[in-house]
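Notes to accompany the following structure.
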Amino acid sequence: RVKVSDYGEKELVSIFTNFFEQKKFQKNPFIAKEISKGIKQIKEAVKLAWLEEDFNDRTNMPFSQFFFRGHADKSWLLKPSVFRGQYDERFFYHEMQRLEPGVFKNNSVFDNLALMQHYACPTRLLDVSFNPLVSLYFACKEEKDTDGLVYIFNRIDFANEDDADVSALSKLALLNGKQKLELKKDLKNNALNENGYYAQIMNKLDFVKEYFLEPVLVKPKFLAPRIKQQAGAFVIAPFDDQEVEDFMKSICCGSILSPA
């Protein structure tokens, strides 16, 4: 394993150049922009070399069979932003529609959630990437005195945004807390209260208990350049953060530490 501390700047540049020429990442404008920031990105590129070599040595499997998520602090939990505080996602959803009607017009609910995520609004979506370099970037990008972490997840079947389970889970963002509890109770009892407020939003086609049992990996439209550049996908959550945490842990097959 290469250790950054064992090399001077010129040697790091040489390692960096050879690595990126082999991987042909230099044509990616997102990566090129980060490269230009200097020696910190050079060190990160070398860390990716460690990541891939170490991962292949241990698993004898290519990266393409996995997806990834980078945390700048290894203590952070695997949960969507809406569960990290007392956020009213219904308020944020309608407020974004009010503030940016041209952007949020005529989209599916899931599309709007993906755009909200792009605008750094709290949502029930958890960002992941099919590109390990992108996840490594997020594990390294903040100036923190804490170790970062790249999670590696087994590639599972992904859904499309217009699939029925994605549509149903997305519509949870349109309900307030009381309505979510009411829906959760009805799902448990296998009985839809057609007089409930949520019944105006979630039709009978949405009311399938299996849709709400676990999170779903969704490959989105490239509604914003950032989603395309980051080879992004989303995990959409059902009712609470523990469901997401448990699900992500169940498909996690390893992690790589990014030292501070």
Side-chain angles (χ1 to χ4, degrees), residues 66-93 95-96 109-132 134-142 144 146-159 161 165-181 183-184 187 211-220 226-227 230-258:
F66 305 91
F67 65 97
F68 309 85
R69 178 172 170 84
H71 282 186
D73 187 329
K74 68 178 183 180
S75 67
W76 290 350
L77 300 177
L78 288 162
K79 62 180 180 180
S81 55
V82 77
F83 299 122
R84 298 173 200 163
Q86 299 299 315
Y87 297 118
D88 181 350
E89 62 181 332
R90 181 169 174 264
F91 166 80
F92 280 108
Y93 186 91
E95 191 68 0
M96 291 300 289
V109 179
F110 177 81
D111 281 348
N112 282 339
L113 290 176
L115 285 168
M116 287 171 64
Q117 188 83 350
H118 172 67
Y119 282 102
C121 252
T123 75
R124 60 183 48 251
L125 305 182
L126 187 70
D127 293 274
V128 295
S129 177
F130 297 115
N131 185 337
V134 170
S135 295
L136 181 67
Y137 167 73
F138 284 106
C140 300
K141 74 168 186 171
E142 296 187 23
K144 297 173 69 76
T146 54
D147 293 339
L149 200 66
V150 175
Y151 285 98
I152 305 166
F153 302 100
N154 285 312
R155 180 76 70 91
I156 56 176
D157 291 338
F158 56 81
E161 60 179 83
D165 52 352
V166 176
S167 174
L169 288 173
S170 299
K171 289 177 182 177
L172 289 174
L174 306 181
L175 309 179
N176 64 30
K178 181 179 178 181
Q179 292 155 0
K180 289 187 183 80
L181 290 175
L183 173 60
K184 194 172 184 179
L187 286 165
Y211 292 167
F212 300 91
L213 293 179
E214 64 180 17
V216 176
L217 176 65
V218 189
K219 206 168 185 179
R226 182 180 174 187
I227 298 175
Q230 295 178 1
F234 299 108
V235 174
I236 184 168
F239 289 99
D240 59 61
D241 59 324
Q242 193 59 51
E243 293 170 315
V244 183
E245 186 83 12
D246 293 343
F247 174 76
M248 298 304 285
K249 286 180 178 178
S250 73
I251 60 174
C252 182
C253 60
S255 60
I256 301 293
L257 191 70
S258 174

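We count residues from 1, following the sequence as given.
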Where the side chain of [X] meets the backbone of [Y], is there a donor-acceptor pair that is under 3.5 Å apart?
X	Y	result
Arg124	Pro238	yes
Asp240	Glu243	yes
Lys74	Leu149	no
Arg90	Ala173	no
Gln117	Leu125	yes
Glu245	Leu78	yes
Arg69	Ser135	no

Below 4.5 Å, heavy atoms only, C-beta onward: do [X] and [Y] meet side chain to side chain?
X	Y	result
Leu217	Val128	yes
Phe110	Phe234	yes
Val134	Phe68	no
Pro80	Val244	yes
Phe239	Leu183	yes
Leu126	Lys79	no
Leu169	Phe212	yes

Nearest heavy-atom pair of [X] and [Y]: which atoms, and what distance?
X	Y	value
Ala139	Val150	CB-CG2, 3.9 Å
Ser170	Ile236	OG-CD1, 3.4 Å
Gln179	Leu174	OE1-O, 4.3 Å
Leu172	Ala237	CD1-O, 4.3 Å
Val235	Met248	CG2-SD, 4.0 Å
Phe66	Phe130	O-CD2, 4.2 Å

When rounded to the nearest 0.5 angstrom, what is the spacing between [atom1] in [X] and [atom2] in [Y]?
X	Y	atom1	atom2	answer
Asp246	Asp241	CG	CG	9.5 Å
Thr123	His118	OG1	NE2	13.0 Å
Cys252	Phe247	SG	CZ	12.0 Å
Asn112	Tyr119	CG	OH	11.0 Å
Cys121	Glu95	SG	CD	9.0 Å
Tyr151	Ile256	OH	CD1	12.5 Å

Worksheet item: Between Tyr93 and Leu113, does a side chain to side chain contact (heavy atoms under 4.5 Å, CB included) hold up when you go through it step by step?
Response: CA-CA 8 Å; Tyr93 186 91; Leu113 290 176; 4.1 Å; yes

Worksheet item: For Phe92, does the CZ atom sit with more than 12 other heavy atoms under 6.0 Å from it, leaving out its own atoms?
Response: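 Yes, because the 6.0 Å sphere around CZ of Phe92 holds more than 12 heavy atoms from other groups.
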
Worksheet item: Can you tell me if Ser129 and Asn131 form a side-chain donor-acceptor pair at under 3.5 Å?
Response: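 No.
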
